[in-house]
Engineer: 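Sharing a structure with you now.
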Amino acid sequence: MTQTLFDSIQLERLKAGEELESAALDTFLKYPEFALNYSSRLENALSTSNTISSDDTEENFKKLYEKMRHSIYEEFQYDIDA
């Protein structure tokens, strides 16, 4: 197992949803050193992207999603919308 493979499993779960949840969780728990690194990087990517108005409009949600998508791509070179 490498950090890159671990990250890929976790990021694929973001795209696939519930279907990969148990496999992603098992991997997360089995490799805590990778999990800690992945979690820190994902948290950092998401916290820097959360800078739009707190308006509950659909347009603001779309903007937030695109910012999150861009931040995740910058950190992991992985597009969660592809």
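In this chain, residues are counted from 1 in sequence order. Just so it is clear, the model here is predicted, and its values are computed rather than measured.
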Engineer: Is there a path of hydrophobic side-chain contacts, each under 4.5 Å between heavy atoms of I, L, V, M, F, W or Y residues, that connects Leu25 with Met1?
Structural biologist: no
Engineer: Is Lys62 paired with Glu66 through a side-chain N to carboxylate O contact shorter than 4.0 Å?
Structural biologist: no
Engineer: Between atom CD of Gln10 and atom CZ of Phe76, what is the distance when rounded to the nearest 0.5 Å?
Structural biologist: 9.5 Å
Engineer: Ala23: which residues meet the side-chain contact (heavy atoms from CB on, under 4.5 Å) condition with it, sequence neighbours left out?
Structural biologist: none
Engineer: Test your reading of the model: is there a side-chain donor-acceptor pair from Ser8 to the backbone of Thr4, 3.5 Å cut-off?
Structural biologist: no
Engineer: Nearest 0.5 Å, what's the CG-OH distance between Leu5 and Tyr31?
Structural biologist: 8.5 Å
Engineer: Where do Thr2 and Asp7 land on the side-chain contact (heavy atoms from CB on, under 4.5 Å) test, with the steps shown first?
Structural biologist: CA-CA 9 Å; Thr2 65; Asp7 293 350; over 6 Å; no
Engineer: Minimum heavy-atom separation for Glu74 to Gln77, with atom names?
Structural biologist: O-NE2, 2.8 Å
Engineer: Determine whether more than 12 heavy atoms belonging to other residues, nucleotides or ligands lie under 6.0 Å from atom OH of Tyr73.
Structural biologist: no
Engineer: Work out which heavy atom in Glu75 is nearest to a heavy atom in Ala45; give both atom names and the distance.
Structural biologist: CB-CB, 4.2 Å
Engineer: For Gln3 and Asn37, which I'm curious about, is there any donor-acceptor pair between the side chains at under 3.5 Å?
Structural biologist: yes
Engineer: Only distances under 3.5 Å count here; give the side-chain donor-acceptor pairs of residues 11-20 to other protein atoms, sequence neighbours excluded, each with its distance to 0.1 Å.
Structural biologist:
residue	atom	partner	partner atom	Å
Glu12	OE2	Tyr78	OH	2.4
Lys15	NZ	Ala82	O	3.3

Engineer: Would Ile9 and Phe28 count as a side-chain contact (heavy atoms from CB on, under 4.5 Å) here? Give the steps.
Structural biologist: CA-CA 9 Å; Ile9 292 167; Phe28 204 83; over 6 Å; no
Engineer: Quick one: CG on Leu64 to CD on Glu59, what's the gap to the nearest 0.5 Å?
Structural biologist: 12.0 Å
